[in-house]
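Written below as structure tokens is the structure these notes are about.
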Amino acid sequence: MFTPENLERARAIVARYPRAKSAILPLAHLAQDQDGWLSPEAMREIAALTRVEPAEVLGTCSFYTMFKRDPVGRLVVSVCTNVTCLVTGGPEVLEHLARRYDDDDVYVEEVECLAACGGAPAMQVNYEFHEGLTPEMAEEIVEAYKRGELIPRGVSGGRVS
Amino acid sequence: MTVTETRVITKRIHDRPEDSWTIDGALASGAYEGLRAAFAMGRDAIGEEQVKASGLRGRGGAGFPTATKWSFLPAGSYPRYLVVNADEGEPSTFKDRMLIERDPHQLIEGIAIAAFAIECNLAFVYIRGEFALGYERLEQAVAEAKAKGFLGMNILGSGFDLDIVVHRGAGAYICGEETALLESLEGERGMPRIRPPFPAIEGLYAKPTVVNNVETISTLPHIVRMGGEEYAKLGVDRSTGTRVFSLSGHVKRPGNYEVELGVTFRDLLYSPELGGGITDDRKVKFFIPGGASSQWLTGADEHLDAPLDMDFLEQNLGVMLGSGAVMVFDETVNPALVAWRLAKFFADESCGKCTPCREGTGWVEKVLYRIAHGQGRPQDFDMLLDVCDNISPGVTTAPFAQTTICPLGPSVVSPVASLQKYFRDEVLAMCTGPSTIPVSAS
């Protein structure tokens, strides 16, 4: 369930659009930042707010890779392996992190081009960019988040208040 | 010859690295003066005179003339919407992210000018979901612009009202295709629409809609301020002005460089203040000139010396300048591996609406995978061409036809056609596996 504060935000978001259904994506981001994933309960609540059937919210949200419909770790680590990263060491970063982290706190995923090719290889941690990586540097960055030296965004990339 | 940058839309970013994205930094470097000039010259003078005279063509990929796109809006039909395509996802393109994160006020000023010109009172920016910082800065900039009276009701006393909604995507490359973007903005799955009707007639919420790229819109304040004819003096022939090229891969200085159209690929790759040459002074084996969807070029002189001119490249070399992403690969790279990874991208990102794309991209990816990993079979290359021919009849002779609604499927054909054109023998030499093994589904 949205917190009272987020429910107010959600209603304000719906009001910005000529049609309420347009608010499905922004509300799903809001819910995911709040809960750490996009739960069936959240999708039902979004359906009520946007005045559509819950199945329509699921239908829309299941199309988009940023929405995690199962719980993921507190940290979503997205490693690019598209062509520029492919020839500059991206797959090695991915392999290292995927082996290193097999726990409930860190979720490692392979993603497509992140538009950070000038600093390839690149990854994001909760949608914060980190570029010019080696496998060791990438691990050190994740560790810094785990130790609380770097403050993560929400798992959907928003600031969590 | 040594070429340097011609900074028009990246000037503020370089002049004020410490605060280019803030309202104070932007106002101290001329922001919103173009908007004042636009109000002074009046609505009709913008699109039909200045933008038309500037020769500005869309910077998202297709290169369609901006003034012409605006002119398709049916007279007397309201409301109209302006949607800015900030869903930058074409592999190796990273210019729009920079323009959003580091100069959001330039984008907002451009939106206000375009919206004023086309009589739109509600504009949307569809920003890629992964751009968390860009979203944050753009939202902040919209709030600042509202507080200063550059957005909202009766902007600068002009009588013109405008609000901007910044809308985050959620991880789908296909939403960079304009009709899929509109579907997504309406809260649907991002699947392209059949055209006609074109968005100018029936776009967002079935209303007349203009969809323009971030870089295109960011150019408008400068066109209005310097005058369309003056802007058109930059560049070459019908490729006027400057463009921001995202240079990546095996160059010494990867990054975004704004240059006048008409300089050559060699200038871009080797000029000391641009690419700075190839990593470890090796040779260029091949490069992709316009994003992943483009056909490739090689290190041959006739390719390196070709000008960054949309028409020249299309007519003479059959490639597109596309999104302005130039990816460079040196002689150590296996071209089949790059082709496979691009095919994997298109297979992952196919929305699934059209069968030739949904099935074809998957087949191309699987066959290229085994070729690139030393398990190719002698007949594989021709099978690839056959699958591609079902997506884009006429594979090897651009421009090809397409059997799909949007260009995503045909994009997977580009790497295959490029292998066929330049690396057929090298790829066939990798296809030494037994020819009798049945094709496996995995």
Side-chain angles (χ1 to χ4, degrees), chain A residues 13 16-30 32-33 38 46 50 52 56-57 59-67 78 80-88 90-91 110-120 122 124 126-129 131-132 153-154 156-159, chain B residues 79 81 88-98 122 124 128-133 135-136 163 165 167-173 175 184-191 204-205 207 246-250 253-256 288 292 325 327 329-330 332-333 337-338 341-342 344-345 348-349 351:
Chain A
I13 289 169
R16 296 168 78 177
Y17 294 93
R19 289 188 197 167
K21 193 174 184 187
S22 283
I24 290 179
L25 261 59
L27 295 193
H29 279 303
L30 185 66
Q32 186 160 277
D33 277 330
L38 187 60
I46 290 168
T50 55
V52 299
E56 292 178 76
V57 177
T60 294
C61 292
S62 59
F63 185 82
Y64 298 91
T65 55
M66 280 179 74
F67 296 132
S78 315
C80 174
T81 59
N82 209 307
V83 286
T84 302
C85 290
L86 173 74
V87 298
T88 50
E110 178 181 19
V111 295
E112 296 297 350
C113 184
L114 290 169
C117 325
Q124 292 184 316
N126 290 13
Y127 302 100
E128 196 80 71
F129 282 97
E131 304 179 12
R153 295 171 178 274
S156 226
R159 294 287 178 192
Chain B
Y81 295 112
E88 180 172 58
E90 184 73 17
S92 291
T93 313
F94 48 99
K95 64 188 176 71
D96 292 342
R97 176 163 83 90
M98 177 184 74
L122 181 58
F124 295 86
R128 186 170 168 191
E130 289 89 339
F131 292 176
L133 177 66
Y135 173 71
E136 209 169 88
D163 196 10
V165 174
H167 184 96
R168 286 179 76 195
Y173 164 75
C175 293
S184 180
L185 190 45
E186 290 183 8
E188 306 289 342
R189 297 166 78 85
M191 290 179 158
L204 185 62
Y205 310 123
K207 301 294 182 195
S246 300
L247 185 58
S248 70
H250 290 139
R253 291 163 43 90
N256 282 315
I288 311 182
M327 290 173 252
F329 301 93
D330 71 19
T332 64
V333 174
L337 188 69
V338 172
R341 188 60 186 80
L342 292 172
K344 178 171 183 290
F345 169 75
D348 284 350
E349 298 295 344
C351 80

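Letters A, B, ... are given to chains in the order of the sequence lines, protein chains preceding strands, and every chain is numbered from 1. What you see below is based on every heavy atom in this structure, not just the backbone, and it leaves out hydrogens, waters and symmetry mates.
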Could you tell me which portion of [X] (side chain, backbone, both or neither) has an atom closer than 4.5 angstrom to a non-hydrogen atom of chain A?
{"X": "B:Arg97", "result": "side chain"}
{"X": "B:Lys95", "result": "neither"}
{"X": "B:Val338", "result": "both"}
{"X": "B:Leu337", "result": "both"}

message: Looking at A:Glu56 and B:Arg189, is any side-chain nitrogen of the basic one under 4.0 Å from a carboxylate oxygen of the acidic one?
response: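 Answer for the salt bridge query: no.
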Roughly how far, to the nearest 0.5 Å, is the [atom2] atom of [Y] from the [atom1] atom of [X]?
{"X": "B:Glu188", "Y": "A:Ile24", "atom1": "CD", "atom2": "CD1", "answer": "7.0 Å"}
{"X": "B:Phe124", "Y": "A:Arg16", "atom1": "CZ", "atom2": "CZ", "answer": "9.5 Å"}
{"X": "A:Leu114", "Y": "B:Glu130", "atom1": "CG", "atom2": "CD", "answer": "6.5 Å"}
{"X": "A:Glu112", "Y": "B:Glu90", "atom1": "CD", "atom2": "CD", "answer": "11.5 Å"}

So for [X], is it side chain, backbone, both, or neither that comes closer than 4.5 Å to the heavy atoms of chain B?
{"X": "A:Val57", "answer": "neither"}
{"X": "A:Arg19", "answer": "both"}
{"X": "A:Thr50", "answer": "neither"}
{"X": "A:Gln124", "answer": "side chain"}
{"X": "A:Ala116", "answer": "both"}
{"X": "A:Glu110", "answer": "side chain"}

query: Do you know which of A:Ile13, A:Val111, A:Asn126, A:Asn82 has the most heavy-atom pairs under 4.5 Å to chain B?
result: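 Highest number of heavy-atom pairs under 4.5 Å: A:Asn82.
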field: chain B interface, residue from A:Ala120, A:Gly119, A:Gly59 that has the most non-hydrogen pairs under 4.5 Å
entry: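 Of the candidates given, the most pairs with chain B belong to A:Gly59.
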- prompt: Parallel, tilted or perpendicular for B:Phe131 and A:Phe129, by the 30°/60° rule?
  reply: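 If you compare the ring of B:Phe131 with that of A:Phe129, the planes turn out tilted.
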Nearest non-hydrogen partners of [X] and [Y], listed with the distance:
{"X": "B:His250", "Y": "A:Val87", "value": "NE2-O, 3.6 Å"}
{"X": "A:Ser22", "Y": "B:Glu186", "value": "OG-CA, 3.4 Å"}
{"X": "B:Leu122", "Y": "A:Pro18", "value": "CD2-CG, 3.8 Å"}

task: List the steps, then state whether side-chain contact (heavy atoms from CB on, under 4.5 Å) holds for B:Phe329 with A:Val83.
output: CA-CA 10 Å; B:Phe329 301 93; A:Val83 286; 4.1 Å; yes
Donor-acceptor contact present, side-chain A:His29 to main-chain B:Gly169, <3.5 Å: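 Answer holds: yes.
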- prompt: Within the side chain of A:Thr84, is there an N or O that forms a donor-acceptor pair under 3.5 Å with the backbone of B:Ser92?
  reply: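 Such a contact is absent between A:Thr84 side chain and B:Ser92 backbone.
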Chain A contacts, top residue of [options] (heavy-atom pairs, under 4.5 Å):
{"options": "B:Ala170, B:Ser248, B:Ala132", "result": "B:Ala170"}
{"options": "B:Phe345, B:Tyr205, B:Tyr135", "result": "B:Tyr205"}
{"options": "B:Ala292, B:Ser246, B:Gly187", "result": "B:Gly187"}

- prompt: Can B:Phe94 and A:Cys113 be said to form a side-chain contact (heavy atoms from CB on, under 4.5 Å), step by step?
  reply: CA-CA 9 Å; B:Phe94 48 99; A:Cys113 184; over 6 Å; no
message: Set out, in order, the CA-CA distance, both residues' side-chain angles and the distance that settles side-chain contact (heavy atoms from CB on, under 4.5 Å) for A:Tyr64 and B:Ser184, then state yes or no.
response: CA-CA 10 Å; A:Tyr64 298 91; B:Ser184 180; 2.9 Å; yes
query: What's the verdict on side-chain contact (heavy atoms from CB on, under 4.5 Å) for B:Leu133 and A:Arg153, showing C-alpha distance, side-chain angles and the deciding distance?
result: CA-CA 10 Å; B:Leu133 177 66; A:Arg153 295 171 178 274; 4.0 Å; yes
